[in-house]
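Working notes, beginning with the structure itself.
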Amino acid sequence: MSGTFVGMPGFPPAAHPAFPAAAHDAVHNPTLRANLRHATHTIRAKRARAVGELSDWAALREAGRRIKDHTLRHLDRYLVQLEESVTAAGGTVHWAADADEANRIVAGLVRATGESEVVKVKSMATQEIGLNEALAQEGIRAYETDLAELIVQLGEDRPSHILVPAIHRNRGEIRDIFRTEMGKWGRPAPEGLTDTPAELAEAARLHLREKFLRARVGVSGANFMVAETGTLVVVESEGNGRMCLTLPETLISVVGIEKVVPTWRDLEVFLQTLPRSSTAERMNPYTSMWTGTTDGDGPRTFHLVLLDNGRTDTLADEVGRQALRCIRCSACLNVCPVYERAGGHAYGSVYPGPIGAILSPQLRGTGSEIDASLPYASSLCGACYEVCPVAIDIPEVLVHLRERVVEGGPAVRQGNKVVLRPAKGHAAERAAMRAARWAFTHPGALGAGQRLASRTRRLHPRTLPGPGRAWSGTRDLPAVPPEPFRDWWRRTHGGKDGAA
């Protein structure tokens, strides 16, 4: 089995700099900062209003968490049930251990149809495995049909947001991309195209319609898969997905194994929480569901490619596995102060933001410079956990992964138990943590150190020396009190004496 690929296509993790270096240019780009600030603030304000309409939101959130946890605990059983249901409904199921295998399967299926182009529904899984690039190497051209994904593709760009991949672009930039690039991919943009949203949308609609009507093969992902019936579900806002799912003769869906839910009753919970958390809508404008194939209705051939690509490795981690609950709503990105300033490209993965900071290092491991730095791409403010509709405790997983980066330890990689070595550059941190552990287990030494720190506090530097300079360079050192808490507690009898 080859290594897990979850990077930007054509830009492997090993070639991507660590997060601080990657974020440097973005932080100093005023146009990008303005685009991100406007978009994220707008989306999260709308989401707050949509969620606020439901008096039972907390109960729905807890139900979603429990359904996902139950499914992950019994994932083997539900995946087998899903395969049986899809097969009984006329579909064919393929199992892909990694990105290379998934790409080979899809390319082979497309070649078998005799076609040289496919239309695509927006899909994180196909971006994760670099499907478009793999198909191009086989002489097959993939056309993105989601408006934002079309912008990214035409601009030879990379997605920077889970829900709104072109969030880093403004209307003027989009107009220029359409004017110069659309003609290279098909119908050119209309003469005199302006940057008004209606004209941009109409240009995309005209450009894509000929592809919808010509395509014989469609490629999609899925938001959910229902094990009891073999039904797949795609939710979207534009209608392009509905066209890709119904018009082609052959449909190929590439879906992560964690997207399965046991029953339709379970699905009902997520059809309430996902639209409100993602697009701030009570219900998605287009909710497409299909079960196998039906004569005279939709594609005549359906293939489901179940993708692992590091997911079972993640499932083996008792703390980190909660990342697999993710329903890709992107609510965590829209409230994250780090993402708002750094943007999505700095994360070096198709999964940016807080969820990417815990998902990518687990799917890929922490061996590369970017993956070892992602658990630190957070202030641990907890805003991501508060808005997550399936209650993923992202700060908890971040701290867990930081420990793995610094200390190494047991993990599962490609299905094998391994012992990870500590990442480079953390020797001083390991020494500091070991010294702290020793001090906290020796109360006498801890008390003496606290009293010494209090008595010499006027001599303390404002920044730490050596490796500590990286920490204090962006933070103020906390002031040391004139008296340690333990001494104050003893002197005042727990504050009962009223002494200051």
Side-chain angles (χ1 to χ4, degrees), residues 8-11 25-46 117 119-124 127 132-133 136 141-215 236-244 278-281 285-286 330 333-334 339-346 350 352:
M8 293 294 186
F11 199 9
D25 291 342
V27 170
H28 293 87
N29 184 331
T31 301
L32 176 62
R33 291 280 300 274
N35 293 347
L36 290 169
R37 182 170 56 252
H38 172 74
T40 56
H41 284 224
T42 299
I43 295 171
R44 75 188 190 202
K46 290 181 178 179
E117 61 182 27
V119 289
K120 287 187 65 206
V121 184
K122 182 180 183 299
S123 164
M124 300 298 297
Q127 291 177 2
N132 288 11
E133 291 70 26
R141 199 168 199 184
Y143 297 109
E144 297 289 352
T145 63
D146 174 83
L147 177 56
E149 292 288 2
L150 174 66
I151 295 166
V152 169
Q153 185 176 52
L154 293 179
E156 297 182 348
D157 202 350
R158 294 174 287 150
S160 62
H161 192 278
I162 290 176
L163 179 66
V164 194
I167 195 173
H168 55 288
R169 296 289 193 182
N170 58 37
R171 295 185 310 185
E173 292 172 317
I174 296 169
R175 175 203 59 209
D176 295 341
I177 290 172
F178 280 10
R179 283 178 173 176
T180 59
E181 302 298 328
M182 262 189 174
K184 301 175 184 178
W185 288 77
R187 178 169 178 154
E191 291 291 333
L193 179 67
T194 71
D195 65 354
T196 60
E199 287 196 28
L200 294 174
E202 180 65 13
R205 187 177 297 112
L206 294 173
H207 176 80
L208 291 172
R209 185 160 295 274
E210 64 177 26
K211 293 179 170 49
F212 289 136
L213 297 176
R214 185 177 68 234
E236 41 132 359
S237 300
E238 299 174 13
N240 62 290
R242 180 72 56 83
M243 302 283 274
C244 291
S278 57
T279 53
E281 295 168 303
Y286 295 89
S330 76
L333 280 71
N334 299 325
Y339 174 84
E340 181 185 324
R341 289 156 178 80
H345 293 160
V350 297

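Worth knowing before you read on, the calculation uses all heavy atoms, side chains too, and leaves out hydrogens, waters and symmetry mates.
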Would you indicate whether the side-chain heavy atoms of Glu173 and Asn35 approach each other to under 4.5 Å?
-> yes
Keeping the roles fixed (side chain from Arg179, backbone from Leu193), state whether a donor-acceptor pair exists under 3.5 Å.
-> yes
Roughly how far apart are Leu147 CG and Glu236 CD, rounded to 0.5 Å?
-> 12.0 Å
Output for pair (Met182 CE, Ile151 CD1), nearest 0.5 Å, gives 8.5 Å
Quick one: CD on Glu340 to CG on Asn334, what's the gap to the nearest 0.5 Å?
-> 9.5 Å
With a 4.5 Å heavy-atom cut-off, do Phe212 and Asn240 have their side chains touching?
-> yes
In terms of heavy-atom contacts, Leu32 and Ala26 come closest through CD2-CB, 3.6 Å
Considering non-hydrogen atoms only, spot the tightest contact between Leu154 and Trp185 and give its length.
-> CD2-CD1, 3.4 Å
Would you indicate whether His41, at its atom NE2, is surrounded by more than 12 heavy atoms from other residues, nucleotides or ligands within a distance under 6.0 Å?
-> yes
Of the non-hydrogen atoms in Ser160 and Ile167, which two are nearest, and what is the gap between them?
-> OG-CG2, 3.4 Å
When rounded to the nearest 0.5 Å, the distance separating CD1 of Ile43 from NE2 of His38 is 9.0 Å
Crowded around Arg141 CZ? As in, over 12 foreign heavy atoms under 6.0 Å?
-> yes
Taking every non-hydrogen atom, the tightest pair across His207 and Leu150 | CD2-CD1, 4.2 Å
Taking all heavy atoms of Ile162 and all of Pro352, pick out the closest pair and write down the distance.
-> CG1-CD, 3.8 Å
Are any side-chain N or O atoms of Glu117 and backbone N or O atoms of Ala215, one a donor and one an acceptor, separated by less than 3.5 Å?
-> no
Heavy-atom side-chain contact between Lys120 and Cys244 under 4.5 Å | no
Say whether, by atom type as modelled, one donor and one acceptor occur between the side chain of Arg33 and the main chain of Val27 under 3.5 angstrom.
-> yes
For His161 and Ser330, work out which heavy atoms get closest and say how close.
-> CE1-OG, 3.3 Å
Verdict with reasoning, Arg214 to Tyr143, per side chain to side chain contact (heavy atoms under 4.5 Å, CB included) = CA-CA 12 Å; Arg214 185 177 68 234; Tyr143 297 109; 4.2 Å; yes
Is the shortest distance from a Lys or Arg side-chain nitrogen in Glu238 or Lys122 to a carboxylate oxygen in the other one below 4.0 Å?
-> no
Please list all pairs passing the side-chain hydrogen bond (donor to acceptor under 3.5 Å, both in side chains) test where one or both residues lie in residues 148-157, with sequence neighbours left out.
-> Gln127-Glu149, Asp157-His168, Asp157-Arg169
So OG1 of Thr145 and CZ of Arg209: to nearest 0.5 Å the spacing works out to 12.0 Å
The reported gap from CZ in Arg175 to OG1 in Thr180 (rounded to nearest 0.5 angstrom) is 10.5 Å
